Every structure is written in C-alpha cells, then in structure tokens.
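A short worksheet on the structure shown next.
We count residues from 1, following the sequence as given. Worth saying up front: this structure is predicted, and the values here are computed from it rather than measured.
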Amino acid sequence: MDKEAMAKLKTALLEAETAAHLAVIIIDYTHEEMMLVFYELEWEQQDRIKTVWKTVS
C-alpha cells in the first residue's frame, strides 16, 4: 500500500462516525492494510474507532 492510499484510509477511519461507515471502509481494504494504518494512529484515535465499532451489536 502506497503512502497516498494509507493517508486516504487513515482519513476515512478518523472521519467515521458510525459502525456502518467503518464497515463500508473495511470492505474496501484488506485486513493487513487496515491493521497497518490502525496501529499508526494515536492511542486516543484507536480508542475512538474501537468505541464506534462497538456500536455494531
């Protein structure tokens, strides 16, 4: 994944406000790509994404 694609994914993750929005993003990327970008985020950013994802129930 090139830097431009990683930046696009990072922006999409940080802008996601619902679990449905995260699900749409996940469909477009591989697990490896998602984890690569996710682990580059600050802890607080990771925590916010986890909180949004938990609303899936």
Decide yes or no on side chain to side chain contact (heavy atoms under 4.5 Å, CB included) for Gln46 and Tyr39, but give the supporting numbers first. CA-CA 8 Å; Gln46 291 178 0; Tyr39 287 123; 4.0 Å; yes

Does the Arg48 side chain pair with the main chain of Leu14, one donor and one acceptor, at a distance under 3.5 Å? yes

Measure the spacing between NZ of Lys8 and CE of Met1 and express it to the nearest 0.5 Å. 10.0 Å

Go through the steps for Met35 and His31 under the test side chain to side chain contact (heavy atoms under 4.5 Å, CB included), then give the verdict. CA-CA 6 Å; Met35 295 292 87; His31 181 264; 3.4 Å; yes

Is a side-chain N or O of Glu15 found less than 3.5 angstrom from the main chain of Ala12, in a donor-acceptor match? no

Step by step, would you call Glu40 with Met6 a side chain to side chain contact (heavy atoms under 4.5 Å, CB included)? CA-CA 10 Å; Glu40 288 186 354; Met6 287 180 67; 3.3 Å; yes

Approximate separation, where rounding is to 0.5 Å, of Trp53 CH2 and Leu13 CG: 11.0 Å

Taking all non-hydrogen atoms of both residues into account, name the closest pair between Glu33 and Thr30 and its distance. OE1-N, 2.9 Å

Counting neighbours of CD on Glu44 that are heavy atoms of other residues, nucleotides or ligands and sit closer than 6.0 Å, is the number greater than 12? yes

Shortest non-hydrogen separation from Val52 to Ala16 and the atoms involved: CG2-O, 4.4 Å

Could you measure the distance from the OG1 atom of Thr11 to the CD1 atom of Ile25? Nearest 0.5 Å is fine. 10.0 Å

Please evaluate residues Tyr29 and Leu36 with respect to the criterion side chain to side chain contact (heavy atoms under 4.5 Å, CB included), reporting the C-alpha separation (whole Å), side-chain torsions for both, the decisive distance (0.1 Å), and the verdict. CA-CA 11 Å; Tyr29 294 90; Leu36 182 67; over 6 Å; no

Leu9 CG to Met34 CE distance, which is reported to the nearest 0.5 Å: 5.5 Å

